[in-house]
Amino acid sequence: MAYPRLVENLIEQFSKLPGVGRRSAERMVFWVLNNPREQVQTLADSIIGLKDGLRLCRECNNLSEGELCRVCSDPGRDRTTVCIVEDHKHLLAIDRTGIYRGLYHVLLGAISPADGRGPEDLKTRELAERVRALGVTEVVIATDPDTEGEMTALHLTSELRPLGIKISRIGLGIPMGSSVEYADLSTLTISMNARREIPA
Ligand code: ZN
């Protein structure tokens, strides 16, 4: 016997979530069935609230509830340094170390010929304009040490070089082929401290 259509529909939707297989999706559906309506409503409202309420920071592309994200609107941040990351999870991972107190720039992806993302998708012109306008003296490139991340770092370096500022790359600690996202706190701390300037 199959589940009623409404149950099947929701199993199908939950199964689309990352890391959720059919069995987990079934358990989620039964959680919905077994809990009070208000609780389910709160979950549904939180999902829609996030989708409607969050946007990208006007300055750095970080997730934000207002025009400017928490980092950009924090007066305690060092505005002479910008750390370039591939996505929001990477920004969070680095910021959690607490050793980096500068600003960020989220690329929203790396150069990836396989996915049809070329250098023009990185919007480096906006980044260069921002770096110039802020009077930034150092840019830290914190893209992943994998093929896409390295390609991206190379491209960013050539685009930012004419600005005549210090350009560094996060250093030791993160194994080749892995991701900033999965590095633990101490590894990321070492990487950030061991960043090296990319020679001209
Ligand atoms: Zn921002």
Side-chain angles (χ1 to χ4, degrees), residues 18 46-112 115 117-146 148-171 174 179-185 187-189 191-193 195 197-198:
S46 305
I47 293 173
I48 291 299
L50 174 80
K51 196 67 191 162
D52 290 347
L54 269 196
R55 52 173 130 170
L56 299 181
C57 171
R58 189 186 60 195
E59 287 283 313
C60 74
N61 292 333
N62 188 11
L63 291 174
S64 178
E65 288 177 21
E67 285 258 291
L68 288 180
C69 73
R70 281 196 202 168
V71 175
C72 288
S73 50
D74 179 354
R77 290 277 172 166
D78 166 17
R79 283 167 196 278
T80 64
T81 312
V82 170
C83 176
I84 306 175
V85 292
E86 289 182 24
D87 70 30
H88 302 117
K89 286 178 284 184
H90 297 193
L91 184 157
L92 259 172
I94 289 174
D95 217 55
R96 276 201 197 111
T97 66
I99 58 150
Y100 178 75
R101 297 296 299 157
L103 301 175
Y104 292 93
H105 185 86
V106 186
L107 291 172
L108 304 172
I111 294 175
S112 171
D115 300 321
R117 277 180 61 90
E120 64 284 355
D121 295 308
L122 291 182
K123 301 203 169 70
T124 36
R125 194 179 306 145
E126 286 90 332
L127 171 62
E129 275 164 20
R130 183 173 172 232
V131 165
R132 202 180 290 122
L134 282 167
V136 166
T137 55
E138 181 184 1
V139 164
V140 184
I141 302 176
T143 53
D144 283 337
D146 58 11
E148 285 88 5
E150 289 297 341
M151 243 192 298
T152 305
L154 216 64
H155 175 70
L156 289 171
T157 306
S158 68
E159 290 288 306
L160 297 172
R161 185 61 78 201
L163 298 178
I165 54 168
K166 184 175 172 185
I167 303 174
S168 24
R169 181 89 173 98
I170 46 169
I174 302 183
S179 168
V180 168
E181 183 185 348
Y182 302 116
D184 57 53
L185 271 184
T187 305
L188 265 179
T189 304
S191 301
M192 194 48 93
N193 284 334
R195 66 178 182 262
E197 184 170 1
I198 301 176

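Side chains are part of it too, since the values below use all heavy atoms of this structure and drop only hydrogens, waters and symmetry mates. Nothing here was measured: the structure is a model prediction, and the numbers come from that model. For ligands, and for the atoms within them, numbers begin at 1 and follow the listed sequence.
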Salt-bridged, R77 to D95, with N to O below 4.0 Å?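 D95 and R77: salt-bridged.
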With D115, which residues qualify under salt bridge (charged side-chain N to carboxylate O under 4.0 Å, His left out), at least two apart?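 Not a single residue meets the salt bridge (charged side-chain N to carboxylate O under 4.0 Å, His left out) criterion with D115.
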Residues two or more places apart in sequence or in another chain: which of them pass salt bridge (charged side-chain N to carboxylate O under 4.0 Å, His left out) with E86?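 Here no residue qualifies.
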Does anything in residues 158-168 pair up under salt bridge (charged side-chain N to carboxylate O under 4.0 Å, His left out), and if so which pairs, sequence neighbours excluded?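 The answer is none; no pair qualifies.
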Could you please give the number of protein N/O/S atoms within less than 2.8 Å of the Zn ion (ligand 1)?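 With waters ignored, the protein N/O/S count below 2.8 Å is 4.
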Determine yes or no for a side-chain-to-main-chain donor-acceptor pair under 3.5 angstrom, with D52 supplying the side chain and G49 the backbone.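 Between the backbone of G49 and the side chain of D52 there is no qualifying donor-acceptor contact (under 3.5 Å).
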Checking H88 side chain against N61 main chain: does a donor-acceptor pair fall under 3.5 Å?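 Side chain of H88 to backbone of N61: a pair is present.
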